[in-house]
Student: 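Below you will find the structure I want to go over with you.
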Amino acid sequence: MPEGPSIVILKEAVQEFIGKTVIRAEGNTKAIDLDLFENQTVVDFKSWGKHFLICFEHITVRIHFMLFGSYRINESKGVPPRFSLKFDDGELNFYACSVQLLNGSPDEIYDWSADVMNINWDAESAYLKLAAYPKVLICDALLDQNIFAGVGNIIKNEVLFRTRLHPLNTFSDLPESSKRELIEEAVNYSFDFLRWKKEFTLKKHWLAHAKSICPRDNVPFKKTYPGKTKRRTFYCEICQRFYGSVLPEI
DNA sequence: AGTAGTGTTCGGCC
DNA sequence: TGGCCGAACACTAC
């Protein structure tokens, strides 16, 4: 569920609720006051990276699905929802997620140019952020939500494979063309992810993530937990190039 | 049946 | 003060 494209799918799936008025909010969340939503009309749904926003006139709810979160539209899972909005002709149910009230308007809080799925995404801005942290490993940089909001571990692994880059490269060690390509493919793969997820063929299209053999070289992928993020990383030592002088210890 | 993981925050420790 | 680490959260596919 949780990477950026999945949140875009959710946003598209709930469009029918825009303009509808909440009869009552329920749920076992302790983070917000459920009474706030009674009689509030949904003005919009937004997303920023992995954040899903439900916008009312004066307040906005932020849902983050973390690793295990899920949702149901006009049905329920049969377990108590963390947060639920009841309308006279429908309902939205959210499970095992983080629920928060936004402390201000979305435009004040979010840098839309950092969201790889957003129309306002700005590759140049990402480039400047990466250049400002030249020593950060690219396996960590891809997961940095301030640079690539919406990119998660699957997208990370696939982007590194597509661009033939070793996860332990630093940004500054990359040739200029690879720097640009890394940023471009973070966006390209995110939109491929979106398309394949809608077709229910995402997994089938994985080339590196959770795979054991490199499809280019027919050798086993390395599986490690590198960098500060220590997230599961699959890479091929033959085709994914390292440009630094000394390969860092994992 | 047990385990690992599409993620993030927080508190403790050095 | 700050960086690092582990725990917590809570679900389910394999």
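For the numbers below, each heavy atom of this structure counts, side chains included, while hydrogens, waters and symmetry mates do not. A, B, ... follow the sequence lines: proteins, then strands. Residue 1 opens every chain.
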Student: Between N157(A) (CG) and dG7(B) (C1'), how many Å, whole number?
Tutor: 15 Å

Student: How about CG on N103(A), more than 12 heavy atoms from neighbouring residues, nucleotides or ligands closer than 6.0 Å, or not?
Tutor: no

Student: With sequence neighbours left out, what residues match Y110(A) under ring pair (Phe, Tyr, Trp, His ring centres under 6.0 Å)?
Tutor: W48(A), H51(A), W112(A)

Student: Just N and O in the side chain of K223(A): are any of them under 4.0 Å from OP1 or OP2 of dG5(B)?
Tutor: yes

Student: What is the distance, to the nearest angstrom, from the NZ atom on K230(A) to the C1' atom on dA4(B)?
Tutor: 18 Å

Student: With 3.5 Å as the limit, what N/O pairs link the protein to nucleotides 10-14 of chain C?
Tutor:
{"residue": "dA10(C)", "atom": "OP1", "partner": "R82(A)", "partner atom": "NH2", "Å": "3.0"}
{"residue": "dT12(C)", "atom": "OP1", "partner": "K77(A)", "partner atom": "NZ", "Å": "2.6"}
{"residue": "dC14(C)", "atom": "OP1", "partner": "K203(A)", "partner atom": "NZ", "Å": "2.7"}

Student: Using 30° and 60° as the class limits, which term best fits the ring planes of F221(A) and F234(A): parallel, tilted or perpendicular?
Tutor: perpendicular

Student: Pairs counted only when both distances fall under 3.5 Å, Watson-Crick or G-U: show me the 5' to 3' dot-bracket for DNA chain C, [ ] for pseudoknotted crossings and | for other-strand partners.
Tutor: .||||||||.||||

Student: Output the rounded distance in Å from CG (L137(A)) to P (dC4(C)).
Tutor: 12 Å

Student: Let me see the working for I23(A) and E38(A) under side-chain contact (heavy atoms from CB on, under 4.5 Å), right down to the final yes or no.
Tutor: CA-CA 6 Å; I23(A) 293 171; E38(A) 198 168 317; over 6 Å; no

Student: Expressed in angstrom and rounded to an integer, what is the separation of L67(A) atom CG from dT6(B) atom C1'?
Tutor: 7 Å

Student: Please give the distance between the P atoms of dG6(C) and dA4(B) as a whole number of Å.
Tutor: 15 Å

Student: Taking atom P of dT6(B) as reference, at what distance in whole Å does atom CG of L10(A) sit?
Tutor: 21 Å

Student: For residues 213-231 of chain A, which residue pairs pass the side-chain hydrogen bond (donor to acceptor under 3.5 Å, both in side chains) check, not counting sequence neighbours?
Tutor: D140(A)-T229(A)

Student: Closer than 3.5 angstrom, by distance alone: can the side chain of Q240(A) be matched with the main-chain N or O of L160(A) as a donor-acceptor pair?
Tutor: yes

Student: Within 45° of the six-membered ring axis of F65(A) and under 6.0 Å from that ring's centre, is NZ or CZ of K50(A) located there?
Tutor: no

Student: Name the orientation class of the two ring planes belonging to F45(A) and F52(A) (parallel below 30°, tilted from 30 to 60°, perpendicular beyond 60°).
Tutor: parallel

Student: Tell me: CZ of F234(A) to C1' of dT6(B), nearest whole Å?
Tutor: 12 Å

Student: Is there a continuous path of hydrophobic side-chain contacts, each under 4.5 Å between heavy atoms, that joins F161(A) to F148(A)?
Tutor: no

Student: With a cut-off of under 6.0 Å to the ring centre and 45° to the axis, is K77(A) in cation-pi contact with Y95(A)?
Tutor: yes

Student: According to a strict under-4.0 Å criterion, is K228(A) in side-chain N/O contact with OP1 or OP2 of dC4(C)?
Tutor: yes

Student: Go through the steps for S98(A) and R62(A) under the test side-chain hydrogen bond (donor to acceptor under 3.5 Å, both in side chains), then give the verdict.
Tutor: CA-CA 8 Å; S98(A) 156; R62(A) 192 206 81 174; 3.3 Å; yes

Student: Using side chain to side chain donor-acceptor pair (under 3.5 Å) as the criterion, point out the one residue from K204(A), K203(A), E199(A) that pairs with T201(A).
Tutor: E199(A)

Student: Between the protein and nucleotides 11-14 of chain B, list the N/O to N/O atom pairs that are separated by less than 3.5 angstrom.
Tutor:
none

Student: Measuring centre to centre across the rings, with the benzene-like ring taken for any Trp, is F83(A) within less than 6.0 Å of F37(A)?
Tutor: yes

Student: Would one find more than 12 heavy atoms of other residues, nucleotides or ligands at under 6.0 Å from atom OH of Y133(A)?
Tutor: no

Student: Between protein and nucleotides 8-10 of chain B, what N or O pairs are separated by less than 3.5 Å?
Tutor:
{"residue": "dT8(B)", "atom": "OP1", "partner": "H64(A)", "partner atom": "NE2", "Å": "3.4"}
{"residue": "dT8(B)", "atom": "OP2", "partner": "K50(A)", "partner atom": "NZ", "Å": "3.3"}

